[in-house]
Amino acid sequence: MYPLAIGTFLAAVLSVGYALLPDFHAMQRSAFQDGVAMNFCVYREAVTRFLRTGTPPATIPNASLDLPPGYRFLRQWQARTVGGYCYIYGNADGEEGASIRKALGSSLLVGENRNGVLYPGSISVPASIPSGSVVSTVSIQ
C-alpha cells in the first residue's frame with residue numbers, strides 16, 4: 001500500500017512541476033522575434049542616416065548604408081523612396097511584424113501592407129511594395 005501511495009505522490013509532484021516549468025520553445029520564439037525587430041530597427045536607423053546625406057535614389061542600395069560591423073540581415077530588408085517618403089520594408093514571419101511595431105513604439109507609421117494600405121492605419125503604400133510586408137514610413141525632408 002505504501003509503495004502505491006508514494007508512487008502516486010511522486011507522479012503528482014512531477015505533474016505539478018512540469019506544469020510550472022516555463023515554455024522554453026515559446027521563450028526562444030519570442031527572443032528570435034525580438035531579434036528580428038531589433039535587426040529591422042538597426043536597418044531603419046541606417047536608412048534614416050543615409051537620407052540625411054542628400055537626395056536619395058528611388059531604391060536605396062544596402063551597400064550604401066552605414067550598418068554596424070558584423071551586422072547580419074535576418075530578413076531581406078529594402079528601402080525605396082516615393083513622393084517625398086521612404087518606405088523601409090521586408091517580409092516578416094508570424095508575430096515578427098508585431099514585435100517590430102512594438103519596438104518602434106506602436107507608431108502608426110509602422111505596420112503591414114494590406115493591399116496597398118498600411119495596417120493599422122490608413123497610409124497608402126506604393127504598389128511596388130509587396131502585400132504582406134512589414135513597412136515603416138519615413139519622411140525624406
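Listed by chain and number, the residues in a side chain to side chain donor-acceptor pair (under 3.5 Å) with Asn113 amount to none (sequence neighbours excluded). Residues passing the side chain to side chain contact (heavy atoms under 4.5 Å, CB included) test with Ser122: none are found, sequence neighbours excluded. The ring-ring contact (aromatic ring centres under 6.0 Å, His included) search around Phe73 returns Tyr43, Tyr71, not counting sequence neighbours. Every residue was checked against the salt bridge (Lys or Arg N to Asp or Glu O under 4.0 Å) condition with Asp66, not counting sequence neighbours, and none meets it. Remark: Thr59 engages Arg80 in a side chain to side chain contact (heavy atoms under 4.5 Å, CB included) (not counting sequence neighbours). A search for side chain to side chain contact (heavy atoms under 4.5 Å, CB included) contacts involving Phe50 returns Thr53, Pro56, Pro57, Ile60, Ser64, Leu65, not counting sequence neighbours.
Within the structure, the side chain to side chain donor-acceptor pair (under 3.5 Å) test picks out the following pairs touching residues 92-102 (sequence neighbours left out): Arg75-Asp93, Arg75-Glu96. Judged as a salt bridge (Lys or Arg N to Asp or Glu O under 4.0 Å), not a single pair has a partner in residues 118-137 (not counting sequence neighbours). Residue pairs that meet the salt bridge (Lys or Arg N to Asp or Glu O under 4.0 Å) test with at least one member in residues 108-117, sequence neighbours left out, are Glu112-Arg114. For residues 44-59, the salt bridge (Lys or Arg N to Asp or Glu O under 4.0 Å) pairs, not counting sequence neighbours, are Glu45-Arg49. For residues 122-141, no pair satisfies salt bridge (Lys or Arg N to Asp or Glu O under 4.0 Å), with sequence neighbours left out.
Atom CD1 of Ile88 and atom OG1 of Thr81 lie 11.0 Å apart (nearest 0.5 Å).
Shown here for Gly97 and Val134, the closest heavy-atom pair between the two residues is CA-CG2, 4.2 Å. Heavy atoms only, all atoms of each residue included: Ile100 and Ala37 are closest at CG1-CA, 3.6 Å. Across all their heavy atoms, Val110 and Pro120 have their closest contact at O-CD, 4.3 Å. Heavy-atom minimum distance, Cys86 versus Ile140: N-CG1, 4.0 Å.
Transitive grouping of hydrophobic side chains (ILVMFWY, heavy atoms separated by less than 4.5 Å) brings Phe40 and Phe32 into a common cluster.
By the 4.5 Å heavy-atom criterion applied to side chains, Leu51 and Val138 are counted as neighbours.
As a member of the Ile/Leu/Val/Met/Phe/Trp/Tyr network built from side-chain separations under 4.5 Å, Val82 groups with Tyr85, Tyr87, Tyr89, Leu109, Leu118, Ile123, Val125, Ile129, Val135.
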